[in-house]
Undergrad: 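Before I ask anything, let me first share the structure, which is written out below as structure tokens.
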Number of protein chains: 2
Amino acid sequence: MEVRKIEELIRFSDEKMQKLPVFESSKYFCDLYCLKSGQDQRIHRHPESDKIYFVLRGSGLFHIAGEEEQLVAGEAVLAKPGEDHGVKNSAAEDLVLLVFMVPRP
Amino acid sequence: MEVRKIEELIRFSDEKMQKLPVFESSKYFCDLYCLKSGQDQRIHRHPESDKIYFVLRGSGLFHIAGEEEQLVAGEAVLAKPGEDHGVKNSAAEDLVLLVFMVPRP
């Protein structure tokens with residue numbers, strides 16, 4: 001059975017945000033994003049893909065389609081195809097996100 | 001911004017497992033499954049879809065492709081296309097799952 005213990009996958013780097021695959025598929029990404037304080041995923045967009053961020057730990061400043069909002073553990077947000085999106089760990093503690101992107105670009 | 005506070009979406013019923021949409025799309029399901037003790041999602045399969053279960057709260061007995069395993073909060077499991085899958089809340093406490101299914105059948 002393809003079981004993943006999420007805590008065991010979490011990795012941080014002083015260099016940059018870590019993106020760690022949870023499950024592999026040609027149809028979607030299911031990843032963990034691990035951001036130390038101050039790290040970010042710069043604003044970008046995917047013309048055809050939805051991206052769902054679910055905050056597992058910490059809090060992050062999300063930018064979606066020109067809006068900004070601080071989200072905490074237990075909150076989720078959707079970036080639709082073509083929408084600018086990014087996230088910054090502007091808090092002191094670590095930030096861990098469960099991220100789904102469909103379809104895989 | 002399409003933000004969802006997962007705690008506010010959780011609903012249980014004495015009748016059966018509750019399936020609550022988190023985000024709506026024609027391409028995938030992103031749902032919460034809320035199971036009281038003893039409730040289940042019976043074993044079934046989807047010929048073309050992957051289903052990912054992520055345990056948010058409680059623990060559940062998962063059946064995937066003939067194997068059974070008890071998973072707890074912070075664990076995730078994948079059922080691939082054509083694989084039998086189901087879950088039962090065999091514990092005393094409530095079970096809450098974040099579920100992604102791609103593509104939407």
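What you see below is based on every heavy atom in this structure, not just the backbone, and it leaves out hydrogens, waters and symmetry mates. Within every chain, numbering begins at 1; the chains are lettered A, B, ... in the order of the sequence lines, protein sequences first and strands thereafter.
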Undergrad: With A:H85, which residues qualify under ring pair (Phe, Tyr, Trp, His ring centres under 6.0 Å), at least two apart?
TA: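 Testing A:H85 for ring pair (Phe, Tyr, Trp, His ring centres under 6.0 Å), a comparison that skips the adjacent residues, returns A:H44, A:H46.
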Undergrad: Check for me, please, whether A:F54 and A:I64 land in the same ILVMFWY cluster - side-chain distances under 4.5 Å, paths through other members count.
TA: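 Cluster IDs for A:F54 and A:I64 differ.
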Undergrad: Given side chains that start at C-beta, do those of A:D50 and B:F23 come closer than 4.5 Å, heavy atoms only?
TA: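 No; the side chains remain at least 4.5 Å from each other.
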Undergrad: Is A:A65 close to chain B through its backbone or its side chain, or both, or neither, when contacts mean heavy atoms under 4.5 Å?
TA: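 Answer is neither: A:A65 stays 4.5 Å or more from chain B.
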Undergrad: Measure B:E83 against the heavy atoms of chain A and call it side chain, backbone, both or neither at under 4.5 Å.
TA: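 Neither part, no heavy atoms under 4.5 Å.
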Undergrad: Need one label for A:L71: side chain, backbone, both or neither, based on atoms under 4.5 Å from any heavy atom in chain B.
TA: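 Only the side chain of A:L71 comes within 4.5 Å of chain B.
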Undergrad: Can you tell me how far the CD atom of B:E75 sits from the CD atom of A:E7, to the nearest 0.5 Å?
TA: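 If we round to the nearest 0.5 Å, B:E75:CD and A:E7:CD are 10.5 Å apart.
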Undergrad: Under a 4.5 Å cut-off applied to non-hydrogen side-chain atoms, are B:F62 and A:V3 in contact?
TA: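 Heavy-atom side-chain distance check fails, nothing below 4.5 Å.
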Undergrad: Can you list the residues of residues 98-105 of chain A that sit under 4.5 Å from chain B, counting heavy atoms only?
TA: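 Expected list: A:L98, A:F100, A:V102, A:P103.
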Undergrad: Counting heavy-atom pairs under 4.5 Å with chain B, which one of A:G66, A:C30, A:G74 comes out on top?
TA: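 The answer is A:G74.
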Undergrad: Consider only side-chain heavy atoms of I, L, V, M, F, W and Y, link residues closer than 4.5 Å, and tell whether A:L56 and B:I10 are in one cluster.
TA: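 Same cluster: A:L56 reaches B:I10 through Ile, Leu, Val, Met, Phe, Trp or Tyr contacts under 4.5 Å.
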Undergrad: Is it the backbone or the side chain of A:E8 that comes under 4.5 Å from a heavy atom of chain B, or both, or neither?
TA: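 For A:E8, neither part sits under 4.5 Å from chain B.
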Undergrad: Is it the case that atom CD in A:E93 sees more than 12 heavy atoms from other parts of the structure closer than 6.0 Å?
TA: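 Yes, CD of A:E93 has more than 12 neighbouring heavy atoms, counting only those of other groups under 6.0 Å.
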Undergrad: Measure B:Y53 against the heavy atoms of chain A and call it side chain, backbone, both or neither at under 4.5 Å.
TA: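 Contact with chain A involves no heavy atom of B:Y53 at all.
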Undergrad: As an exercise, state the distance from CD of B:E69 to CD of A:E2, rounded to the nearest 0.5 Å.
TA: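 If I round to the nearest 0.5 Å, the distance is 12.0 Å.
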Undergrad: Do A:V96 and A:V77 share a hydrophobic cluster, counting only Ile, Leu, Val, Met, Phe, Trp and Tyr and linking them when any side-chain heavy atoms are less than 4.5 Å apart?
TA: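 No, separate clusters.
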Undergrad: Considering only heavy atoms, which portion of B:L78 lies under 4.5 Å from any heavy atom of chain A: side chain, backbone, both, or neither?
TA: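 Both backbone and side chain of B:L78 come within 4.5 Å of chain A.
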Undergrad: At a 4.5 Å cut-off on heavy atoms, which part of B:L9 comes close to chain A: side chain, backbone, both, or neither?
TA: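 Looking at B:L9, nothing touches chain A.
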Undergrad: Does A:I6 belong to the same Ile/Leu/Val/Met/Phe/Trp/Tyr cluster as B:L32, with side-chain heavy atoms less than 4.5 Å apart forming each link?
TA: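 Yes: a chain of side-chain contacts under 4.5 Å links A:I6 to B:L32.
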Undergrad: Which pair of heavy atoms, one from B:P81 and one from A:K27, lies closest together, and at what distance?
TA: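 Reported closest heavy-atom pair: CG-NZ, 3.8 Å.
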Undergrad: Report whether B:V22 and B:Y28 are members of the same hydrophobic cluster (ILVMFWY, side-chain heavy atoms less than 4.5 Å apart, transitive linking).
TA: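 Yes, one cluster joins them.
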Undergrad: Counting only heavy atoms from other residues, nucleotides and ligands, does the tally under 6.0 Å from NZ of B:K51 exceed 12?
TA: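 More than 12 within 6.0 Å, yes.
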